[in-house]
Amino acid sequence: MLLIRSFIVAIIMILPTQVLAKLNHNQQTYIDALDALKEGQVERFNRLSHALSDYVLSPYLEYEQIKLNNYEDIDAIKAFINKYPDQSISHRLKVEWLSTFPKKQKWQAFLDNYDESLYSRDLRCYYLRALYKTGKKKEALQQTHDMWVVGRSAPKACDPIFKAWLKSSYFKQDYAYERVKLALKRRKTSLASYASNFLTGDKKKAAGMMIWAHKDPAILSSTKRFPSANPYMKDAVIHGLKRRVRRKPDAALAYWKKHRTRFNFSPEEIHHVEQRIYLGLARQYDKNASKLLQSLRDEYSSPEILEWQIRVSLRNRDWPSVIRWIEELSHYEDMDNDWFYWHYKAYLKQNQEPPQIVKQNFQKLSKQRSYYGFLASEMLGKSLTLTNIPVPISQDMHLKIQNLPEISRAKELVAIGHRHQAHKEWQFAVNKLDQQGLMALARVASDWGWHNRAIRAVIDANHWNDLAIRFPMPYETTFGKAATKVQLPSSWLFAIARQESAFSEQARSSAGARGLMQLMPATARQTARKIGISSKSSLYDPDYNIRLGSSYLSMMHKRFNQNRALATAAYNAGPHRVDRWIKSAIALPIDAWIETIPYDETRRYVKNVLAFDAIYQYKLGKKNPQLFFNHEKIYLGKGKHSRKANNDDAKLKSAELASN
């Protein structure tokens with residue numbers, strides 16, 4: 001991505017454009033039937049629907065017929081639900097049918113047919129209202145708390161029961177105060193302000209300051225605005241500190257020193273605040289960060305603290321401390337094996353023979369198909385481990401999953417362009433399947449060219465070694481032409497698209513990035529102007545998206561001296577941030593620079609893309625794939641984008657070969 005983001009890219013399930021063919025007779029008749037219904041031609045709709053009684057999407061026409069009768073035919077509804085049990089279409093009908101009862105004030109009928117498994121916030125509030133309306137007021141009001149005390153706005157269906165609850169003895173100010181905090185945690189300041197209206201006294205004043213501190217954390221510089229006589233003001237202080245840490249941890253530390261002794265903070269609160277501040281300082285590689293992290297109480301130690309101690313030590317090239325903190329981290333059972341690389345390298349950096357267990361762990365790491373596994377392999381002079389184990393699915397299981405009603409309908413819905421409904425059908429099937437079913441579903445999706453769905457399914461199945469499914473190569477010709485035009489490896493373009501969208505043409509992030517290579521519209525327009533092409537085409541057009549994405553990546557590649565690691569970081573976080581990170585580093589080798597990237601997302605992103613690139617090199621026929629090219633094994637820092645590496649890495653490799 002072109003801008004740093006902490007959100008998950010929204011993937012829309014879709015067939016590749018070239019797979020969409022001209023509609024067949026049944027598909028066209030189905031579309032005609034729906035059009036007839038929209039135009040009020042009921043007789044024509046019924047005639048066309050009857051002609052499609054055996055069509056895979058006929059349940060949707062039956063469903064439309066029930067809707068046409070305003071859900072009045074109860075026998076037809078129950079027959080439909082029995083005909084299509086535990087299927088997406090019957091669940092959808094039941095939710096809509098239940099929603100008609102409140103509008104008709106048929107509260108007992110709602111309760112008689114309510115199904116808790118059909119979770120919907122609207123239905124849940126209708127259920128509480130039905131209890132209240134049928135004389136079970138106490139039961140209804142006792143359960144309303146869970147719907148109101150949340151960090152997001154509730155649907156309008158909840159308003160009547162909320163109104164009754166807020167006036168009842170079951171409502172407590174503590175609930176409103178808690179909702180203020182939950183809303184701010186989700187950055188919903190308007191909702192927080194709404195919830196604060198139900199507060200009085202000290203809690204109301206504290207909530208107001210909490211909202212103010214959320215919007216302007218600098219207000220914490222004033223102790224007068226946070227009177228210690230109000231015990232709830234400590235919550236406003238804590239929230240403001242969390243906000244300030246995000247951009248200015250040094251300021252947060254100064255504010256904390258002002259307020260630390262003014263309130264009766266619990267040991268847990270003190271640790272929580274100080275850990276956030278000290279980790280914020282560590283991300284900026286403040287000179288005091290390591291000492292401050294060490295000052296945290298031992299009983300609150302965590303892997304995150306130790307991992308940042310390692311990164312601070314790497315930034316300072318403090319190899320004894322790297323070893324110390326990794327060995328502390330090893331006491332945790334879930335320690336990431338990636339740290340085996342730095343444990344081993346830290347000994348060699350000090351010209352010391354690594355202990356046998358460290359060497360064994362390093363050898364173990366070198367056999368993994370991962371970023372650090374590839375690094376370890378290259379240091380040992382070995383070929384990269386590229387394990388490929390196809391999903392173990394029988395033909396019978398493959399056919400069974402392919403013929404699931406939801407999957408059959410999903411395929412047909414995509415073919416006619418009804419992608420939203422197709423996604424619902426697909427996801428409904430996913431939610432019901434076990435590991436074997438998910439692996440078979442991944443194979444089906446891959447066969448059909450639904451690569452983003454295939455990748456998701458095989459990951460959900462916890463099967464990581466089918467390279468054909470996990471690393472497909474759609475639009476190979478287009479990627480190849482783009483790579484030639486901008487003089488970049490096509491493997492790298494594939495890796496970027498794989499990381500960004502999992503090859504979903506219609507992917508769109510919450511920030512607005514679009515298409516295969518997740519381009520922001522503004523960046524796309526700028527890139528189009530620079531390369532002299534129109535900026536009016538759709539970013540959901542694969543050819544156009546790949547051309548612009550590859551061109552922008554090429555610009556980053558040139559800006560950062562043909563170094564894919566730096567250019568990849570710039571593609572994700574922006575070139576100005578990368579400039580700043582390079583400048584702040586002091587003679588760091590490229591592997592240490594990547595591990596000390598301050599942003600978790602960008603650090604993971606760069607590692608993934610480089611590892612994916614090596615895998616795509618292999619898939620494209622390169623005999624000896626490489627994680628880093630020789631010119632990329634540089635040292636960074638002191639404002640220079642690159643300079644010749646010294647012979648440290650060569651010495652490390654020689655030392656390892658000599659020790660075996």
Side-chain angles (χ1 to χ4, degrees), residues 10-16 19-20 23-24 26-27 29-31 33-34 49 52-67 76-98 115-120 123 391 393-461 463 469 502 504 506:
I11 301 294
I12 302 173
M13 193 271 295
I14 178 175
L15 276 173
V19 177
L20 299 178
L23 298 181
N24 61 35
N26 282 343
Q27 291 167 346
T29 303
Y30 178 80
I31 295 295
L34 294 180
S49 296
L52 293 173
S53 59
D54 295 327
Y55 180 46
V56 67
L57 294 183
S58 64
Y60 278 88
L61 298 175
E62 295 177 47
Y63 159 82
E64 292 293 345
Q65 183 66 60
I66 291 172
K67 283 181 63 179
I77 291 172
K78 292 185 175 180
F80 185 93
I81 292 171
N82 289 331
K83 185 177 180 180
Y84 306 109
D86 195 27
Q87 292 187 29
S88 173
I89 188 67
S90 60
H91 280 224
R92 176 180 174 182
L93 174 63
K94 195 166 186 179
V95 168
E96 293 174 357
W97 173 47
L98 285 169
D115 184 350
E116 289 186 355
S117 68
L118 300 174
Y119 182 74
S120 155
L123 286 185
V391 290
I393 295 300
S394 67
Q395 184 64 22
D396 287 345
M397 176 60 80
H398 184 271
L399 290 174
K400 176 183 175 181
I401 296 300
Q402 182 173 300
N403 293 324
L404 285 175
E406 289 88 355
I407 300 307
S408 298
R409 289 197 292 266
K411 184 180 182 183
E412 196 70 5
L413 286 165
V414 170
I416 63 174
H418 293 191
R419 300 182 185 112
H420 182 67
Q421 290 179 343
H423 175 74
K424 286 186 174 181
E425 292 278 9
W426 182 272
Q427 194 57 45
F428 194 86
V430 167
N431 293 338
K432 296 192 296 184
L433 295 176
D434 59 11
Q435 184 185 36
Q436 283 291 310
L438 288 169
M439 287 193 289
L441 187 61
R443 171 58 62 197
V444 168
S446 180
D447 290 345
W448 289 348
W450 299 0
H451 297 299
N452 59 319
R453 293 294 95 191
I455 292 166
R456 181 71 263 166
V458 81
I459 290 173
D460 288 343
H463 185 88
I469 293 178
S504 171
Q506 299 294 312

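- When the side-chain hydrogen bond (donor to acceptor under 3.5 Å, both in side chains) test is applied to R409, the partners found at least two apart in sequence or on another chain are Q87, E425.
- The side-chain hydrogen bond (donor to acceptor under 3.5 Å, both in side chains) check on S117 picks up D115, with sequence neighbours excluded.
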Show me the donor-acceptor pairs, under 3.5 Å and distance only, between side chains in residues 52-59 and residues at least two apart or in other chains.
| residue | atom | partner | partner atom | Å |
| --- | --- | --- | --- | --- |
| Y55 | OH | E412 | OE2 | 2.7 |
| S58 | OG | Y55 | O | 2.9 |

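- In this structure E96 satisfies the salt bridge (Lys or Arg N to Asp or Glu O under 4.0 Å) test together with R92, sequence neighbours excluded.
- Taking H418 as the reference, nothing meets the ring pair (Phe, Tyr, Trp, His ring centres under 6.0 Å) condition, with sequence neighbours excluded.
- Every ring pair (Phe, Tyr, Trp, His ring centres under 6.0 Å) that F428 has, sequence neighbours left out, goes to H91.
- Residue pairs satisfying the salt bridge (Lys or Arg N to Asp or Glu O under 4.0 Å) criterion with at least one member in residues 77-90, sequence neighbours excluded, are listed as follows: E62-K83.
- With sequence neighbours excluded, no residue satisfies salt bridge (Lys or Arg N to Asp or Glu O under 4.0 Å) with K67.
- Residues passing the side-chain hydrogen bond (donor to acceptor under 3.5 Å, both in side chains) test with N431 are Q427, sequence neighbours excluded.
- In this structure, the side chain to side chain contact (heavy atoms under 4.5 Å, CB included) partners of A445, at least two apart in sequence or on a different chain, are W426, W450, R453, A454.
- In this view, Y84 and F80 satisfy the ring pair (Phe, Tyr, Trp, His ring centres under 6.0 Å) rule, not counting sequence neighbours.
- For H398, the side-chain hydrogen bond (donor to acceptor under 3.5 Å, both in side chains) partners are D447, not counting sequence neighbours.
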